[in-house]
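Since the structure is predicted, the reported quantities are computational estimates derived from the model, not experimental observations. Every chain is numbered from 1, with letters handed out A, B, ... down the list of sequences.
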Amino acid sequence: MDNISIARVLEETASLLEIDAADPFRIRSYRRAAEAVEQQTAQLASLADDPKQLLAIAGIGKGMAANIVDILSTGSTPLRDELLKKYRPSMLELLRLPGMGPKTVALIWSALNVCDIDALEEAAKAGHLNKLPRMGEKFTTKLLKGIEDYRKNSSRFRIDQAREHAERISALIREFPGIDEITPAGSLRRGRETVGDLDLLVTGPACEPDVVAAAVEHVASLPLIDKLLARGQNKVSFTLRNNLQVDVRLLPRASYGAALQYFTGSKMHNVALRQRAIKRGMTLNEYALLRVEDNSIVAAATEELIYRALDLDYIPPELRENSGELDAAANHALPELITLTDIRGDLHMHTVETDGAHTIREMAEAALSRGLQYIAITDHSKNLAMTNGMDDRRAIAHIQRIREIDTEMRGSIRVLAGIEVDILAEGELDLSDDTLAQMDIVVASVHSRFDQPVEQMTDRILRAIENPYVRILGHPTGRKVLKRDPYAVHIETILKRASELGVAVEHNASPARADLNDLHLRLAKQHGCRIVVNTDAHSTTELDQIRYGITQLRRAWLTAADILNTQPSAEALLAQLRPR
DNA sequence: GCCGTTTTCGGCCCGACTGTTTTCAGTCG
């Protein structure tokens, strides 16, 4: 059983305990353990024989280690089995409805014997809920709407789409006079691949307490609001037509840093941070870091001040997941994370020769204008017929054109000749070695059959990278965000072999693909892989998607030294790749 | 159930908003 599945069982147990009105701290322990398990790069199944290794994980003690051993051998724990006798698994789904918490789920179960969504809808329509305490007309209406939304769309939003919405909304809010700054917080700021909702923090003279009402009014009447969910003194919540929920908070300048810190999260990071504050005789909320004894403000205006006051180095948002960043910040051991400007080249992009939108020259100029020093043009090979993939003859001719453009650019940017070759079912490539031998960069990618058994898929990739001309393994997992593909491959096996062979592993920056997640990337580093981050751009604007790739690298604690395409020149880069 | 720069017991993060409430419980982030 993999870590994700173990974490799911622990999380389920936490929810069941919640419905059972168990000790809240015990519940938190299960949640914390679930998160910790999910963040491990090593598979717990492989180290459960040695209890010491489990106990070394923060948040896992004797009891939880025993639970994990149980889960690995039986798929469950005695406690969970016990709870499932008392309640129903379908209740866990009820918790996902807005307004439905553990207390309410427990209540409708004991009072009405309702344990799933269909029965709940029926009971609500029949007016049975109104007889229960604190559930009136409004509650029922809201619940029915929530059920409808849940069935329609219960998914999260991709980070690039969320960012676009954030920018659109921000532009509208900015029209109100006296708004200085709007920052998206929450998981968007932390760079998660998907976000559940949008948190926008707003500050400026118009957000000071005595005048904020007018600005709140402005936000609450934005034209793109589909449904207004709540409006308080300085907060407005609404949904867009696509069901994305947006929370806008208008905050005075003096406490903006505290708010930013608070609403950026993650939740577990915040909990840990507040515990640290308490130990130091302070308390932290969304307005300020305060000294407990006299309620005096220690820090509030910026995040930097708050972290410093807690004896911590500034922690970048991408690292705020309570996975060791507090210890590292306390010991001045945070890595110097890679930034966008560290990237000097992009080694995977397409042109009009196959399925791209722009010419070689246009791509080169666009890359140059973005400050890149080298790129590789890597159009598709023939097996991808729907992209107008090239056969050997066309691929050779294409190289010539790339070389010509490279010359025309007169060294302002180097344009390397490459190809994205397809890995066929048996692991061979769809172009001849003679052709590949003429390429500076050969990216080998799998493009189909992700429904194959894992072993077959892995085998296919392992065989392909044995080809001595392959220098980069393109989007190695074929994972697609929101499609919720399980890892289609034994990624650790592949990373190990790629590392041995000197084949670089690509992190595909495209948010749709988001190929390697932060755990994969940490694993790649552990195994000594050469990592490159590429956009796989099909148009000039898609070159900008590199920022999303960088965010994921940062989330994996990677530095410029961990990534190959930070090399200062094309020659330096080629020297790092598998020799020809 | 976890954890230890007061502790192996006794703590464990914080506030806003909602609905149906004359004082608060539940949910949410």
Side-chain angles (χ1 to χ4, degrees), chain A residues 10 13-15 17-19 21-36 54-68 77 79 94-108 129-143 146 185-190 195-201 216 228-237 245-251 255 258-259 261-290 292 310-311 322 330:
Chain A
L10 292 173
T13 310
S15 293
L17 281 169
E18 229 172 359
I19 293 171
D23 174 16
F25 300 108
R26 192 179 180 205
I27 295 166
R28 186 189 296 168
S29 292
Y30 276 88
R31 288 246 149 78
R32 180 146 184 248
E35 294 219 0
L54 289 181
L55 292 172
I57 302 170
I60 299 202
K62 261 180 93 177
M64 206 55 75
N67 281 333
I68 290 169
T77 64
L79 173 64
L94 290 183
L95 290 172
R96 305 171 67 135
L97 296 172
M100 289 290 286
K103 293 288 189 314
T104 316
V105 170
L107 179 63
I108 60 163
L129 298 185
N130 297 351
K131 297 175 195 123
L132 300 174
R134 285 185 306 280
M135 286 185 221
E137 199 57 42
K138 271 193 172 175
F139 180 88
T140 308
T141 316
K142 211 168 170 178
L143 180 64
S187 43
L188 182 58
R189 183 156 180 252
R190 297 202 312 280
V195 305
D197 53 23
L198 217 52
D199 283 306
L200 294 180
L201 303 191
V216 167
L228 194 63
L229 300 176
R231 68 182 282 185
Q233 288 181 347
N234 64 351
K235 175 191 164 179
V236 182
S237 292
Q245 181 174 331
V246 184
D247 297 326
V248 180
R249 293 183 167 81
L250 301 103
L251 304 146
S255 63
Q261 195 292 310
Y262 185 92
F263 290 110
T264 296
S266 68
K267 199 170 173 165
M268 295 307 261
H269 173 85
N270 284 359
V271 168
L273 199 62
R274 272 174 246 146
Q275 280 167 349
R276 187 178 178 90
I278 286 170
K279 272 190 200 146
R280 287 171 166 65
M282 295 180 260
T283 168
L284 180 62
N285 61 31
E286 64 248 62
Y287 301 108
L289 178 67
L290 302 161
V292 170
L310 292 169
D311 302 322
N322 194 31

A/Q245 pairs by side chain to side chain contact (heavy atoms under 4.5 Å, CB included) with which of A/L229, A/V195, A/D199, A/L198? A/L229

Side-chain touch A/F263/A/E286, heavy atoms, less than 4.5 angstrom: yes

Once you apply the 3.5 Å cut-off to both distances, tell me the Watson-Crick or G-U wobble partner of B/dT8, or none. none

Using a 4.0 Å heavy-atom cut-off, does A/L273 contact any base of the nucleic acid, only the sugar-phosphate backbone, or nothing at all? nothing

Does the protein touch nucleotides 20-29 of chain B at the base, only the backbone, or not at all? Give it as B, S and - per nucleotide, heavy atoms under 4.0 Å. S----SSSSB

Give a yes/no on whether any side-chain N or O of A/T283 is located under 4.0 angstrom from OP1 or OP2 of B/dC14. yes

What is the distance, to the nearest angstrom, from the CG atom on A/L229 to the C1' atom on B/dA16? 15 Å

With heavy atoms under 4.0 Å as the rule, sort A/I27 into base, sugar-phosphate or nothing. nothing

Close N/O contacts between protein and nucleotides 3-5 of chain B (under 3.5 Å):
{"unit_1": "B/dC3", "atom_1": "OP1", "unit_2": "A/G59", "atom_2": "N", "d": "2.7"}

Which part of the nucleic acid, if any, lies within reach of A/R28 when heavy atoms closer than 4.0 Å are counted: base, sugar-phosphate only, or nothing? base

Here the distance between atom P of B/dC17 and atom CD of A/Q233, to the nearest Å, is 6 Å

Round to the nearest Å and state the distance from A/D23 atom CG to B/dC2 atom P. 12 Å

Check whether any side-chain N or O of A/R190 sits under 3.5 Å from a backbone N or O of A/T264 as a donor-acceptor pair, and report yes or no. yes

Could you check A/N322 against A/S266 for side-chain hydrogen bond (donor to acceptor under 3.5 Å, both in side chains), going step by step and ending with a plain yes or no? CA-CA 8 Å; A/N322 194 31; A/S266 68; over 6 Å; no

